[in-house]
J.: 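Can you read through this structure? Questions will come right after.
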Number of protein chains: 2
Amino acid sequence: MADTLTTAALTLKDIAREAGVSLATVDRVLHNRPGVRPDTVRRVREAIERNSFQPHVAAAELARGRARRFAFVMPSGPNPFMQQIEAYLGEMSGWLSARRLNVEMVATDVFDASVLAASLEALSGDYDGVAVVALDHPTVRAAINDLVDAGTRVVTLVSDVPSSRRHHYVGIDNIAAGRTAGALVGRLVGGRSGKVAVVAGSQGLRDHAERIFGFNQVMASEFPDLSVLPVLEGRDEDERSEQLLARLLGRHADIVGLYNVGAGTQGVAQALNNKALSEAGRDKVVFVGHDVTALTRRLLLQGVMDAAISQNPGHEARAAVRVLLALARGEPILREQEKIRIDIVMRDNLP
Amino acid sequence: MADTLTTAALTLKDIAREAGVSLATVDRVLHNRPGVRPDTVRRVREAIERNSFQPHVAAAELARGRARRFAFVMPSGPNPFMQQIEAYLGEMSGWLSARRLNVEMVATDVFDASVLAASLEALSGDYDGVAVVALDHPTVRAAINDLVDAGTRVVTLVSDVPSSRRHHYVGIDNIAAGRTAGALVGRLVGGRSGKVAVVAGSQGLRDHAERIFGFNQVMASEFPDLSVLPVLEGRDEDERSEQLLARLLGRHADIVGLYNVGAGTQGVAQALNNKALSEAGRDKVVFVGHDVTALTRRLLLQGVMDAAISQNPGHEARAAVRVLLALARGEPILREQEKIRIDIVMRDNLP
DNA sequence: CTCAAAATGAGTTGCGTACCTCAAAACGCC
DNA sequence: GGCGTTTTGAGGTACGCAACTCATTTTGAG
């Protein structure tokens, strides 16, 4: 009836006895310290395996004494999504200090490869772990690899550098996110045929490019009645996005759907709400965008926006910390837990 | 540039000095032990506040010695959703044993109030925390309250007993889940008018009843062109669900949408796939159901199912453990982290 | 076989807290 | 003021591990 999921609590002493060596030797093996014969190492490792021994986290943490230092390297501009991540880190402060973890925010221009790389290099040696919103660029990749070589744990956050040797990526699969947006626009348009507009920050940004790729994939294969118009590059700025989109809406009377890939949501919404349009008796344009912010929340409730694709910023913040901590402790990572999901948020499941 | 989120590491000794008392007195205050004058208690509490002191989790954990025992009281039947929860708990076994946490599974008939209550009462005193998939019934409520009074931490899992004094509920808002299902069916039907079928396990189950309530709310207010047919009670059984639904589909040629509230998904899908129907040249029925399992995953990929409302079972399992642990340690709960979201899962964002 | 180098054993200290004991001091009551 | 009671102080031990020292044993090269 009662089925236990955990094993008895062994200690290092038990392992030492099992392996027929002293505590000191087990300690050497456990921490990869030199001066142990390969054969002895094997014996100790086997004893650890055989008993599926887990060092007591609390004891290990207590014994090492020094606190751990983590750095979060984030964009300096006023980006609501990044501000949310910071806010959620702030909410964890009690959790962090109870574990003697120091988390520092480092603001930098993440869009300038050399500036970002310099910021990363500056952290070398001082930190146990670094989370970075990374630009995918050779210079940045090199800086990340340098950090890793220096023994610092590195996770990329939101935006990945797959070619680097970062230990982990905390963020969503942006191609799948684009596909999801495509499926939503297609389905919510509801059988009408017509054109679909796409507004992005820049196609040079890896995440935006990937989202557009996924979006087009789905539109082409599953919704032949909808044709996707060339991407508007709004640079994530409200004014520019509004102007570009307004012009496009004026030119094409049969736009039935809209995918806003990045920020600039305010401008996009404004262009859609334009009086001239509604007076022309047009159908509502299906509007799918990204992220749940105060603005998109309002737009969803008002019905201006139909769905938001979201990556939970709180989850990302906590996952980054947990992954860095697990890496530093040498604990396994709970992949399922740290995986960031693509959330579809509509009015009725607003978090 | 670098902004730290945590404070200096104080110890109990520092607090004792600050408050002008001895370590022993601080300890007494911290653990609500008797024998301290109210005035002294206040002085100590103030010193703790003033320095926002946090006991070192690792040290506390190490010092208390004994392992903690948690029990998960779950339905005994072969329910895939519950099996997933168990599986995810199994995946945590390393994490658990590194923290000297013992988690035991207790299978019982959660649909029989007196049996469930007896199972709960039997746990009294032996466990630090209990997570229970609870039936909302006065007898169960009393059993939960008894556990709480005995000092055991109790969280309800998946299904809540709001009137009890359980410390926390780990699960979704089922009314909102039903609303979300309604919005999805309504939107995905795409402007067609017709009838909508609803299949539930039983309207006597609190979560099913709440989902249906939310579903009807949205259908009535937002989709006047769709009329909801009386609920079919399939008792979460495949065969029964299939028969009931097949009969309904035969009677109403204009069914355009279907909401499956609980399990029995296999049967529902079979009824929809019936040859007789497809040969009649009917439109596809929009099918929205719950939970991502091997089956619903396949149905989504095949296009039989259009969307699944999901509560992440892995998240629920981990959240339950974390909440119990935080409660036992007297740590604050990260509400944002432990909140279970209503996930909308379509083919392209299948996890 | 010899001897230096490598491997190992034995032991210590300290991390911050929980939990306990015992003695001393402060207190309130008559 | 004396008494018993309550409150407080002082101190110790234990938890499991990291990190270190130093002595001792084993090993392999010459």
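Only heavy atoms go into these numbers, but all of them, side chains included; no hydrogens, no water, no symmetry mates. Chain letters run A, B, ... following the sequence lines, proteins first and then strands; every chain starts at 1. Worth saying up front: this structure is predicted, and the values here are computed from it rather than measured.
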J.: Once you round it to whole Å, what is the distance between P of C/dC15 and CG of B/Leu23?
T.: 13 Å
J.: On the nucleotide D/dT7, are OP1 or OP2 found under 4.0 Å from the side-chain N or O atoms that B/Thr40 carries?
T.: no
J.: To the nearest Å, give me how far apart CG (A/Asp39) and C1' (C/dA6) are.
T.: 15 Å
J.: Do A/Leu116 and A/Ser114 have side-chain heavy atoms sitting under 4.5 Å apart?
T.: no
J.: When the distance from CG of B/Asn32 to P of C/dA18 is rounded to whole Å, what number comes out?
T.: 12 Å
J.: Quick test of your reading of the model: are B/Arg153 and B/Asp128 salt-bridged, counting only N-O distances below 4.0 Å?
T.: no
J.: Go through the side-chain N and O atoms of B/Glu104 and B/Tyr127 and say whether any donor and acceptor fall under 3.5 Å apart.
T.: yes
J.: State the CG-CZ distance between B/Asn102 and B/Phe70, to the nearest 0.5 angstrom.
T.: 9.5 Å
J.: Can you name the closest pair of heavy atoms from A/Arg165 and A/Val148 and give their distance?
T.: O-CG2, 3.7 Å
J.: Between protein and nucleotides 13-30 of chain D, map the contacts as a letter string: B base, S sugar-phosphate only, - none, heavy atoms under 4.0 Å, written 5' to 3'.
T.: --BBBSB-------S---
J.: With both distances under 3.5 angstrom, what nucleotide forms a Watson-Crick or G-U wobble pair with D/dG30?
T.: C/dC1
J.: Is the shortest side-chain N/O distance from B/Thr25 to OP1 or OP2 of D/dT7 below 4.0 Å?
T.: no
J.: Less than 4.0 angstrom from a charged side-chain N to a carboxylate O is my criterion; do A/Lys13 and A/Glu18 meet it?
T.: no
